[in-house]
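Notes to accompany the following structure.
Below, chains carry the letters A, B, ... as their sequence lines are ordered, and counting in each starts from 1.
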Number of protein chains: 2
Amino acid sequence: MSKTNKKTPGRPRSAKSHQAILRATLELLGEVGFDTMSIEAISARAGVGKTTIYRRYSSKEELVADAIESIRQDVVIPDTGNLWSDIDELIENAAQISLSPLGRQTVAMIISSASSNSQFAQIYWTKYLQPRREAFAVVIERAKMRNEMQTDLDSGLIFDSMSGIMLYALIFPPQTESWSEYVRRALHLLFQGALSQSQSE
Amino acid sequence: MSKTNKKTPGRPRSAKSHQAILRATLELLGEVGFDTMSIEAISARAGVGKTTIYRRYSSKEELVADAIESIRQDVVIPDTGNLWSDIDELIENAAQISLSPLGRQTVAMIISSASSNSQFAQIYWTKYLQPRREAFAVVIERAKMRNEMQTDLDSGLIFDSMSGIMLYALIFPPQTESWSEYVRRALHLLFQGALSQSQSE
DNA sequence: TTATTACGATACGATACTGTTTCGTAATTT
DNA sequence: AAATTACGAAACAGTATCGTATCGTAATAA
């Protein structure tokens, strides 16, 4: 029912144009942000007619949602055998994604829309954060089994706190150290209480 | 050298108009956000001519910065004699400010500008967060003196972590409990590690 | 009173984007 | 070959905002 079934007559939609549109959308989103970005600018950069975009998407929201969707990365579940090594991997992973212009603008979009309509925030939560939150639960579970953590802690709450700290560091970048180092230090503070008493360092 | 020295000839600028402009700016900022907000709309709502605004401010950024500046609240330093009571007060205070539409839009503005130009983020940091960060250091210092906390902890880092958690909860509001309750729970997790061993609850 | 500045209103040209339509051409199915 | 659909380009009317300029009026200082 997918590619093999080419029953529609007429010229098919160009996959090349489609890719170009998504690419241009992401680039502009990162450069100027959602509000400032115009359909005209997207079509110009993609080298396609405005019509081609309007034929595919009926709103900018729809287009951007699809563009972001198209680059969704696989969820990583680190398993180094040690909690802090796992966390370091997560930090590096988060750094790559969220320190990019696109990452910043995505976050900005979510927040500004969060007050009036919660569309983007909902989508982002469900499609991006939720799976990672669940993957993180596995990491925590392993740490508990290795006796690195207290067993009664809420992994979801830990994930949220970690995310919050990272988000804050994204907006107000540390002056005297790198983002990763700063986040690592903050998470260490967070986990001090989460660690078993035997694991004081 | 201020009001008493009325040496300039001609009609003075209307303080009433000035107030109306700032008020309208804040209202619209909360309602539609920075990008969507037009000078025309502000002047219309304030009941003043566009000219009057352009005479005072040369850019929207300048106007908004002044408007936000005008409602800057005094820094609160709670001193209840108990760390958790102090923190509860801070949470309630933060809830009032940041859960409002204006608070949300302010945060959104800072984040979206953080990537291209860091103007707002810088201003917000210097004028808003920095003083509160320092005030919080006092709260922590008192807690240390009461022996409620380890003495070697970095109060700035704790403040940043708290802010991050609050920010995250602002964007992705908890579904099953109130914002304040959720934040309180997260901060409890954070402070578990910060508390002295004798103060396990 | 006179000079000076601010006021609100309105008009202005300029720019930019919207979403639609029309056009001749290209690609694909039947 | 014929029918059908998509393509990019261009023109379109409509809307919105920009920042400036001009107006007659109001308020204040010298």
Given atom [atom1] of [X] and atom [atom2] of [N], what is their separation to the nearest angstrom?
X       : N      : atom1 : atom2 : value
A/Ile39 : C/dT20 : CD1   : P     : 11 Å
A/Ile42 : C/dT18 : CD1   : C1'   : 13 Å
A/Met37 : C/dA16 : CE    : P     : 18 Å
B/Leu63 : D/dT17 : CG    : P     : 16 Å
B/His18 : C/dT5  : NE2   : P     : 20 Å
B/Leu28 : D/dA16 : CG    : P     : 15 Å

Would you say a side-chain N or O of [X] is under 4.0 Å from OP1 or OP2 of [N]?
X       : N      : answer
B/Ser17 : C/dG8  : yes
B/Arg13 : C/dG8  : no
B/Arg55 : D/dA21 : no

By nearest atom, which of the nucleotides [options] is closest to the [X] side chain?
X       : options                : value
A/Pro9  : C/dA27, C/dT29, C/dT18 : C/dT29
A/Thr52 : C/dT18, D/dC18, D/dG8  : D/dG8
A/Tyr54 : D/dC18, C/dT5, C/dG19  : C/dG19

5' precedence on DNA chain C between A/Glu40 and B/Ser14 (nearest-nucleotide basis):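 Taking each residue's closest nucleotide, the earlier one in sequence belongs to B/Ser14.
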Starting at the 5' end of DNA chain C, which residue's closest nucleotide do you reach first, A/Gly10 or A/Ser38?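 It is A/Ser38 whose nearest nucleotide is closer to the 5' end.
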Looking at B/Tyr128, is B/Arg132 sitting on its ring face, NZ or CZ under 6.0 Å from the six-membered ring centre and within 45 degrees of the normal?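 Yes, B/Arg132 and B/Tyr128 form such a contact.
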Side chain [X] and base [N] donor-acceptor under 3.5 Å:
X       : N      : answer
A/Lys50 : C/dG19 : yes
B/Arg11 : D/dA27 : no
B/Thr51 : C/dA9  : yes

Under a 3.5 Å distance rule, please check whether A/Thr52 uses its side chain to pair with a backbone N or O of A/Val48 as donor and acceptor. no
Parallel, tilted or perpendicular: rings of A/Trp84 and A/Phe191 (30°, 60°):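 Answer is perpendicular, since the angle exceeds 60°.
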